[in-house]
Amino acid sequence: MLMLDISPFFPITDPTLIFLLMLCIILSAPIIMGRLRIPHIVGMILAGIIIGPNGFNLLARDSSFELFGKVGLYYIMLLAGLEMNMSNFRKNKIRTSTHGVLAFAIPMAIGLVVNIYLLKFGLLSSVLLASLYASHTLIAYPIVLRYGISEQRSVTIAVGATAITDTLTLIVLAIVSGMFKGEVNTLFWILLAIKISVVFFVIIYFFPRIARYFFRRYEDGITQFIFVLGMTFLGAWLMELIGMEGLLGAFVTGLVINRYVPNVSPLMTHLEFVGNALFIPYFLIGVGMLVNVRILFGGIDTLTVAFIMITVALASKWIASLATQKLFGMSGTERELIFGLSNAQAGATLAAVLVGYNLFLPDGQRLLNDDVLNGTIILILVTCILSSVTTERASKQIVLATKNVALEDDDGGDDEQILIPVARRNTAVELAQLGIFMRNKKLNRGLIGVYVVIDTADSTYNHKQGEEILGEMEKIARTANVGIITQNRISTNVSSGIKHAFMEYRASEIIMGVRDDGGSLRSTWGSVAQNLYAEISRQIIIVRCLQPINTVRRIQVAVPSRAQFESGFYRWLERLSRLSENLECRIRFHGRSDTLDLIRDFIRHRHPYARVEYASMEHWNELPRLANTIAPDHLFVVVTARKGTVSYKSALERLPDEISKYFRGKNIMIIYPDQCGESVSTMTYTVPQHQENRSAYEAVRDWWAKLKSKRQAH
């Protein structure tokens with residue numbers, strides 16, 4: 001029987017077929033693994049084993065896999081840095097540092113003893129191999145992103161600890177390499193400290209300033225995307241320049257530009273999409289192509305070394321996770337998630353073993369022999385699979401555990417429906433982004449964009465212009481995975497069109513812009529805004545933002561006395577708290593002590609990781625004094641009130657003139673609080689420590705409601 005020999009056709013070398021096969025794997029692996037209820041990441045690694053040179057040899061692990069694999073690894077570290085909640089990180093810095101040190105010290109100590117007394121390696125080989133156990137890679141981090149729990153403290157601890165352990169591991173790697181070459185002396189230590197300090201200083205000091213400059217001047221999504229990637233690879237290259245791994249530079253770059261790429265922004269969506277769709281799968285498949293299944297049958301020595309390495313790596317990481325749990329009173333699920341994220345070996349592990357494998361002892365033997373190299377490949381396979389399975393299981397448990405709490409939080413009672421009327425292209429994008437940053441992600445309700453066309457002879461032209469402006473809003477919202485409804489509405493006047501749209505969609509609040517033509521704000525405020533807050537009793541936010549909202553460094557809020565007695569008190573407070581958290585910026589409230597006490601309690605219970613400051617402001621005539629504290633990259637928020645309400649004062653009549661005089665060239669937000677409904681029931685929030693204030697509030701609120709009803713009756 002004639003057999004057809006197809007071996008000459010493999011491995012595939014045609015670039016088109018290579019990319020086609022990779023796309024088929026990236027497409028089919030999650031589908032197949034999903035049916036088998038196996039984490040998608042495992043499917044990518046197994047696919048790499050099957051198609052690789054040690055499997056069916058369909059593809060060779062050529063330079064393209066090395067290139068895309070390195071990009072994928074950097075991408076994982078970049079996303080880990082960008083997704084990290086820096087406020088959460090600061091709150092948990094002791095936990096993070098502790099776990100990072102434990103996750104490095106425990107594997108090093110256990111590994112050193114095992115390597116010397118069980119595997120019979122020399123001191124340098126034992127130290128290098130022990131550092132291999134200590135390092136880990138965030139292979140399973142995409143699972144955390146998929147479940148939307150990246151802000152959990154256990155995730156923050158594991159991600160932050162990764163930077164610590166990998167930094168210490170790479171330093172050990174540099175030291176061992178230097179000692180082996182006979183270069184370790186006083187000058188070596190001085191140069192190593194100087195190089196590391198200089199690179200960290202450059203990334204931490206200069207990168208945020210470069211990012212702020214760039215994002216202020218260029219708002220195109222593609223340009224910003226390329227800029228972030230460029231900064232990532234610059235940081236990675238700087239680390240490689242001093243002899244450390246580039247993955248550390250990518251992670252630190254993600255941390256320092258974190259606040260300029262909000263998690264709910266279109267740019268973050270672009271970054272996650274490209275990484276998860278292409279680069280990260282390429283990296284995972286490339287890791288699988290390194291695995292040689294034949295090693296399992298190659299000899300007892302390799303299997304023995306691999307078994308010992310796997311046991312030490314997993315046991316030491318589990319002990320470190322257990323110690324962190326016990327020290328800080330965390331739950332078993334949190335321990336499991338920390339362990340799942342911190343036990344995968346890949347990037348830094350490969351770097352360590354390859355350095356040792358390529359160093360030769362005086363007798364001609366390698367510092368780390370073939371058994372260690374093969375054992376490392378098996379270690380990578382086992383730990384990556386176990387990490388994925390453990391992280392998937394722990395993530396599901398956390399999501400289920402927090403689901404009921406989230407439903408009881410503020411999801412069910414909030415009637416949020418944000419209406420954004422627009423008139424100009426240059427403000428439409430900023431207003432859409434502001435609405436995205438203020439919306440409740442848990443409710444996942446869309447925005448409403450409205451452009452009012454005045455019924456005149458130019459209505460056809462204005463209608464076309466409105467479609468283009470609303471199209472820009474749709475693009476921003478869709479890119480951020482936020483739903484949006486747009487309406488090009490014909491009306492006799494703008495305020496009437498907005499009012500009817502507000503009632504038609506049953507909106508809860510309005511966010512609108514005000515033009516900045518250099519004149520008096522009283523004139524630019526216009527009759528539209530005045531008519532709206534006079535006729536609509538719901539919350540209205542008027543914004544003049546002179547720079548991209550994601551570059552705002554601080555929010556300063558002026559709160560009038562008795563603002564806590566308004567029914568919309570907690571609504572605007574919730575919106576500003578969300579804005580501050582999404583922008584990763586500080587927020588300072590200026591007001592009287594009784595009002596600040598309620599604000600402090602609300603934020604402590606609802607937004608514990610917000611970076612909040614409080615400053616006393618006893619009289620409203622202190623408003624001009626605040627102008628000296630408002631920098632160009634600050635957002636100054638004034639909470640005002642309508643005539644006849646509890647917190648209204650005659651000084652508010654001077655507000656437009658004072659803002660025009662003292663706050664020229666500054667970013668301004670004016671908030672007219674909700675006068676309809678009850679904020680406490682709407683937000684489903686109680687302040688346990690201030691029941692007396694709650695009672696006073698309810699008494700004044702009820703009295704005011706009765707008085708208004710009597711006036712309306714007369």
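Values below: all heavy atoms of this structure, side chains included; hydrogens, waters and symmetry mates excluded.
V261 and L271 make their closest contact through CG1-CD1, 4.1 Å (heavy atoms, listed as atom of the first residue, atom of the second, distance). Between S387 and A140, the shortest heavy-atom contact is OG-CB, 3.6 Å. When all heavy atoms are compared, the tightest approach of A130 to G111 is CB-C, 4.0 Å. Heavy-atom minimum distance, G235 versus T253: CA-OG1, 3.7 Å. Minimum interatomic distance between P142 and N276 (heavy atoms only, all atoms of both residues): CB-OD1, 4.2 Å. Residues I12 and L59 approach most closely at CB-CD2, 3.9 Å, considering heavy atoms.
Between Y282 and F68, the ring planes lie parallel to each other; the angle is under 30°, not in the 30° to 60° tilted range.
Under the 4.5 Å side-chain criterion, counting only non-hydrogen atoms from C-beta, V159 is not in contact with V144. At a threshold of 4.5 Å between non-hydrogen side-chain atoms, the residues M239 and F200 count as touching. Between Y75 and L229, some side-chain heavy-atom pair lies under the 4.5 Å cut-off. With a 4.5 Å cut-off on side-chain heavy atoms, E584 and P262 do not count as touching. Contact check for V198 versus I242: no side-chain heavy atoms found under the 4.5 Å cut-off. The shortest distance between side-chain heavy atoms of L128 and V172 does not fall below 4.5 Å. For the pair T223 and F214, the minimum side-chain heavy-atom distance is below 4.5 Å.
Looking at N582, its side chain does come within 3.5 Å of a backbone N or O of F437 through a donor-acceptor pair. No side-chain donor-acceptor contact under 3.5 Å links Q433 to the backbone of S265. In this structure, the side chain of T162 engages the main chain of A158 through a donor-acceptor pair within 3.5 Å. Using modelled atom types, one side-chain atom of T269 and one backbone atom of T479 make a donor-acceptor pair closer than 3.5 Å. Of the possible donor and acceptor atoms, none in the side chain of T391 sits under 3.5 Å from a partner among the backbone N and O of S388. No side-chain donor-acceptor contact under 3.5 Å links S125 to the backbone of G122.
Aromatic rings from F215 and F227 are positioned such that their centres are separated by under 6.0 Å.
Checked against side chain to side chain donor-acceptor pair (under 3.5 Å), T390 has no partners two or more places apart in sequence or in another chain. By the salt bridge (charged side-chain N to carboxylate O under 4.0 Å, His left out) test, R153 is found to be paired with E334, residues two or more places apart in sequence or in another chain being considered.
Distance check, rounded to the nearest 0.5 Å: CZ of F339 to OG1 of T324 gives 12.5 Å.
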Pair up each side-chain donor or acceptor in residues 308-323 with any protein partner under 3.5 Å, not counting sequence neighbours, and list the distances.
| from | atom 1 | to | atom 2 | distance (Å) |
| --- | --- | --- | --- | --- |
| T311 | OG1 | F307 | O | 2.7 |
| S316 | OG | V312 | O | 2.6 |
| S316 | OG | A313 | O | 3.1 |
| K317 | NZ | A103 | O | 3.2 |
| K317 | NZ | A134 | O | 2.5 |
| K317 | NZ | H136 | ND1 | 3.0 |
| S321 | OG | K317 | O | 2.9 |

- request: Please assess M330 against I338 for the test side-chain contact (heavy atoms from CB on, under 4.5 Å), listing each intermediate value before the final yes or no.
  value: CA-CA 11 Å; M330 303 173 71; I338 292 174; 3.8 Å; yes

